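This report refers to the structure that appears directly beneath it.
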Amino acid sequence: MSNSEPITEKPLDFIRQIVTEDLKTGKHPTPVTRFPPEPNGFLHIGHAKSICLNFGIASEFNGRCYLRFDDTNPSKEETAYVQAIKEDVKWLGFDWGDNLFYSSDYFDQLYDFALDLIRRKKAFVCDLSADEMREYRGTLTEPGKESPHRNRTVEENLELFQGMKNGDFSEGSHVLRAKIDMASPNLNMRDPIIYRIMNLHHHRTGDKWCIYPMYDYTHCLSDAIEEITHSLCTLEFEDHRPLYDWVLDTLETPVHPQQIEFARLNLTYTVMSKRKLMQLVQDGHVSDWDDPRMLTVSGLRRRGYTPASIRDFCKEIGIGKKESWIDMGVLENCVRNDLNITAPRVMGVLDPLKVVITNYPEGTVEDIEAKNHPQNPEMGSRTLPFSREIYIERTDFMENAPKKFFRLDIGREVRLRYAYFITCVSVVKDEDSGEVIELHCTYDPETYGGNAPDGRKVKGTIHWLSAEQAERCEIRMYDRLFKVENPDADKDVNFKEHLNPDSLTSLNNCLVEPSLADAKPGTCVQFERQGYFCIDSRDSKPGALVFNRTVGLRDSWAKRKK
RNA sequence: UGGGGCGUAGCCAAGCGGUUAAGGCACCGGGUUUUGAUCCCGGUAUUCGGAGGUUCGAGUCCUCCCGCCCCAGCCA
C-alpha cells in the first residue's frame with residue numbers, strides 16, 4: 001500500500017505548532033512545561049484542560065512537565081490543598097516524577113533578585129497607602145503619577161527593604177515596587193508592586209518571612225529558575241506578558257521562557273471559578289467539593305467519570321485563543337464513549353414494579369447466563385437467578401400504550417433480557433389510589449435464552465431482577481446544577497438564582513443484581529437500558545449500596561416522547 | 001475615550017493565497033441489533049462578523065467599520 005493516505009491525526013493546535021517549530025529550529029532540545037496551581041482550592045475541569053496541555057506536550061515531545069505550587073500568598077493557601085491537587089493530577093494519569101516544586105522554594109533567590117533590582121535602580125520601596133496607590137495609578141484612559149518615593153537612593157531602598165524583611169514595619173506601610181513607567185497604557189507596567197508585607201505563617205516556610213513576592217514577579221523568575229521553555233497560561237494574563245518579559249530582561253537569569261496564553265474552558269450549565277464553587281459548598285447547595293454534581297476533578301471522579309474520558313474531552317475541545325463555551329453534552333459524550341467500552345453490563349431497576357409469572361413453578365430458581373458485555377466476549381458472563389416473582393422497571397409498563405411503545409401492556413409480549421418471553425395478562429391495582437402495583441404475566445418455556453423456536457419476534461427487550469435475590473440499594477440521579485447555560489451571564493442576577501432545584505434525586509427503593517453486593521466503591525457499571533452508574537466512594541457500604549448515575553444512555557424513545 | 005485579545009454551522013474546531021470549506025458534538029434520515037444503547041451508512045456552511053480594496057485567484061493579504069472578552073488587588 002504505497003499510495004495509502006496517512007491516517008488523519010488531529011491537527012496541531014497553535015501552541016504545539018510553536019513547540020514543534022522551536023524544536024525544529026533548535027531553540028530548545030526538548031520542551032519543559034509546568035502546571036502551576038495555587039494551593040488554595042480544589043482542581044476543576046478547567047485545570048484539567050491545562051494539565052492535559054502541559055503534561056501532554058511534555059510527553060508528546062519527549063520533554064518534561066513539572067508540578068509547581070504557586071504559593072506566594074499564605075493568606076489563602078493550605079497543605080491540605082497541596083495533597084488534594086497532587087492526588088487529582090495523579091488520578092488524571094500524569095506523573096511529574098521528581099519534579100515537584102514550590103514557588104516558596106525560591107524565596108531566598110527571589111529576595112536576592114529583588115536586591116539586584118534595587119541596585120540596578122529598577123525597584124524602590126514605596127510608603128504610599130493602598131488608597132493612595134490606587135489614586136496614583138491613574139485610570140484606563142489617564143496616565144498615573146509617580147510615587148513621591150520613586151527616587152530614593154539605592155542605599156535608602158536597600159535599608160528599607162531589609163527593614164521590611166526584618167519585620168520592622170507594619171503590614172501595608174511599605175511595599176517594594178518595580179520602577180517601570182507610570183504613563184504606560186498597560187496598567188500592569190505602572191510601577192507594579194513586587195513585594196508586600198504579610199505577617200502570616202506560610203504552610204512551608206513557616207514564620208521565616210514576613211514579606212512575600214507577588215505573582216508577576218515570582219512566576220517569571222520561577223519559570224526561569226526551572227528553565228521552563230514554554231510557560232502556558234490563560235488569556236487574562238496577556239496584559240501581564242510585558243511585565244513577565246520586563247523582569248526577565250532586567251535581571252540576569254539562566255533562560256527567558258516564552259509565555260503563551262490560551263483560552264480558559266467554559267462549560268454550559270455550570271460555574272467554573274474557585275470562588276463560586278466555594279460558595280456552593282459553603283452555602284450547602286452541594287455536599288462538598290467532591291459532590292458528584294461539581295465539575296471539580298474530585299467531583300467528577302466520585303460521579304464515575306474516568307481519567308481517560310476527561311483526557312479525551314480535553315483533547316476534543318482543543319486549544320485556542322477564542323473564548324468558547326463547550327456544551328456539557330460534549331463531556332457526557334466522552335464518558336459514554338469510554339464507559340461503553342470498559343463498563344460491564346448489569347441489571348438495575350430504578351423504580352421496581354412486581355411481576356408474577358403465573359405459569360412458572362413456585363419455589364424454583366434457575367440460572368440464566370448473561371453476557372457481561374455483548375460486544376466484548378472476553379469480558380465473559382455471569383449467572384442471574386430467575387424465579388416466579390420478578391421486578392421490572394415501572395416505566396416498562398403502560399396501559400393502553402401507543403403502537404410504538406415496544407414494552408409491556410395487557411396482551412403484549414416482550415423479552416426479559418437473556419431469559420424468556422413473557423406476556424402480560426392482567427394488572428393488579430391499589431384499590432384506593434388506582435396505582436398499578438403488580439402485573440400478572442405468563443411465560444413461554446420454549447423461549448429460554450430469549451429466542452422463540454417458532455421464529456416469532458418481539459419488539460422489546462426489558463431488564464428484570466428476581467425478587468427474592470435482588471439487592472436493595474440507593475441510586476442518586478444527577479441533573480445539571482444550573483437551569484441556564486450561563487449562570488453568570490446576567491450581571492444583575494446572582495448565579496445562585498439559577499440553581500436547578502432538581503439537580504439531585506435520590507431513589508431509595510432500587511434493586512440491583514446480587515453479583516454487585518460485594519463490588520468495591522468506585523466500581524463503574526452499565527445498568528442495561530439505563531446508563532452508567534458507579535458505587536459511591538463515600539456513602540456506600542456493604543448491605544447498603546449507594547450508586548451515582550454518571551450519565552444516562554442516549555435515549556431516542558425519551559426524545560420521541562417530548 | 002487608553003491598552004491587550006478574539007470573531008469560520010446551534011456548540012467546539014481545522015484551514016497558514018490556488019481542486020467541491022477537514023473532523024467532533026448536536027440534529028435529521030436509513031441499516032444492523034436479545035440494551036429504543038452500541039455499531040454502520042447517508043444528510044446538514046454557494047460561504048467564513050460587515051463593507052470596500054489588492055490579485056488571474058481571498059476564509060487566508062490591505063483598509064475601514066461592527067460585535068464580544070480582559071485590564072485600574074498590597075489575589076493568582
Side-chain angles (χ1 to χ4, degrees), chain A residues 8 10-13 17 36-38 40 70-73 75-77 126 128-130 133-135 137-144 171-177 184-190 192-198 212 214-216 218-219 233-242 261 263 268 274 315-334 336-337 340-341 345 347 370-371 373-375 404-407 415-419 421 449-451 457-463 485 526-531 552-560:
Chain A
T8 51
K10 188 138 178 133
L12 295 182
D13 57 68
Q17 284 181 29
E38 182 185 16
N40 69 342
D70 212 352
D71 54 352
T72 58
N73 184 351
S75 73
K76 305 196 296 180
E77 297 151 8
C126 183
L128 254 26
S129 70
M133 196 94 68
R134 185 157 43 245
E135 277 174 41
R137 189 154 35 228
T139 67
L140 293 177
T141 51
E142 297 158 329
E171 282 188 18
S173 63
H174 300 267
V175 292
L176 184 69
R177 293 225 255 166
S184 172
N186 181 346
L187 292 279
N188 295 120
M189 301 298 270
R190 319 243 261 228
I193 295 170
I194 59 179
Y195 266 94
R196 77 290 214 189
I197 299 170
M198 295 178 108
Y212 292 95
M214 300 285 286
Y215 165 86
D216 283 310
T218 307
H219 206 91
C233 62
T234 44
L235 249 27
E236 66 269 29
F237 291 103
E238 269 174 322
D239 288 344
H240 295 242
R241 189 171 0 114
E261 310 85 10
T268 56
K274 274 185 200 168
K315 188 166 147 197
E316 198 55 56
I317 59 176
I319 298 291
K321 298 196 67 151
K322 184 169 102 180
E323 165 154 359
S324 61
W325 280 86
I326 310 288
D327 196 282
M328 266 291 231
V330 179
L331 219 205
E332 294 172 345
N333 187 60
C334 289
R336 282 199 197 97
N337 284 163
N340 179 43
I341 305 293
R345 272 54 172 168
M347 306 270 212
K371 292 174 180 146
H373 192 126
Q375 279 79 41
K404 289 284 191 184
F405 186 77
F406 300 151
R407 285 110 102 145
R415 171 166 39 228
L416 295 176
R417 176 134 238 225
Y418 297 124
F421 285 9
N451 286 305
K457 303 285 183 207
V458 286
K459 276 293 220 180
T461 299
I462 65 173
H463 57 284
E485 287 203 344
Q526 184 198 86
F527 290 172
E528 292 208 32
R529 305 208 305 134
Q530 295 287 4
L553 253 29
R554 267 199 204 86
D555 189 349
S556 56
W557 168 244
K559 208 180 286 173
R560 172 198 284 263

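Bear in mind the structure is a predicted one, so any value in this text is a computation, not a measurement. Computed from heavy atoms alone, side chains included, the values below leave out hydrogens, waters and symmetry copies. So that the names make sense, note that chain A is the first sequence line, chain B the second, and so on, each numbered from 1.
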Regarding the side chain of A/Arg134, the nearest nucleotide among B/A76, B/G36, B/G73 is B/G73
_Please classify the nucleic acid contact of A/Lys459 as base, sugar-phosphate, or nothing, using heavy-atom distances under 4.0 Å._
nothing
Subject >> Below 4.0 Å: OP1/OP2 of B/C71 and any side-chain N or O of A/Arg241 >> reply: no
Taken to the nearest whole Å, CG/A/Asn188 to P/B/G3 is 15 Å
Per atom distances to the A/Asn340 side chain, the nearest of B/U38, B/U35, B/C71 is B/U38
Per atom distances to the A/Arg196 side chain, the nearest of B/G3, B/U35, B/C74 is B/C74
When rounded to whole Å, the NZ to C1' distance for the pair A/Lys559 and B/C27 reads 8 Å
Out of B/C12, B/G5, B/U35, minimum distance to the side chain of A/Glu238 belongs to B/G5
By side chain to side chain contact (heavy atoms under 4.5 Å, CB included), A/Asn73 pairs with (sequence neighbours left out) A/Glu38, A/Ser75, A/Lys76, A/Glu77, A/Arg196, A/Met198
Please work out if A/Ser556 contacts a base, only the sugar-phosphate, or nothing of the nucleic acid, heavy-atom cut-off 4.0 Å. sugar-phosphate
It should be established whether A/Gln530 places a side-chain nitrogen or oxygen under 4.0 Å from OP1 or OP2 of nucleotide B/G36. no
(request) Using a 4.0 Å heavy-atom cut-off across all strands, classify A/Lys404 as base, sugar-phosphate, or nothing. (result) base
Exercise. When all nucleic acid strands are considered with a 4.0 Å heavy-atom cut-off, which category describes A/Phe421: base, sugar-phosphate, or nothing?
Worked result: nothing
>> So is the aromatic ring of A/Trp557 stacked onto the base of B/G36, judging by whether the centres are under 5.5 Å apart and the planes are under 30° apart?
In response: yes
Margin query: Under 3.5 Å, is there any donor-acceptor pair linking the side chain of A/Asp555 to the base of B/G36?
Written below: no
Every protein N/O within reach of nucleotides 22-25 of chain B N/O, cut-off under 3.5 Å:
| from | atom 1 | to | atom 2 | distance (Å) |
| --- | --- | --- | --- | --- |
| B/G24 | O2' | A/Glu316 | OE2 | 3.2 |

Q) Checking all strands, does A/Phe237 fall into the base, sugar-phosphate, or nothing category for heavy-atom contacts under 4.0 angstrom? A) base
* Asked: Reckon A/Pro37 touches a base, only the sugar-phosphate, or nothing at all at heavy-atom distances under 4.0 Å?
  -> nothing
Give each protein N/O atom lying under 3.5 Å from an N/O atom of nucleotides 8-10 of chain B, with the pair distance.
| from | atom 1 | to | atom 2 | distance (Å) |
| --- | --- | --- | --- | --- |
| B/U8 | OP2 | A/Lys322 | NZ | 2.4 |

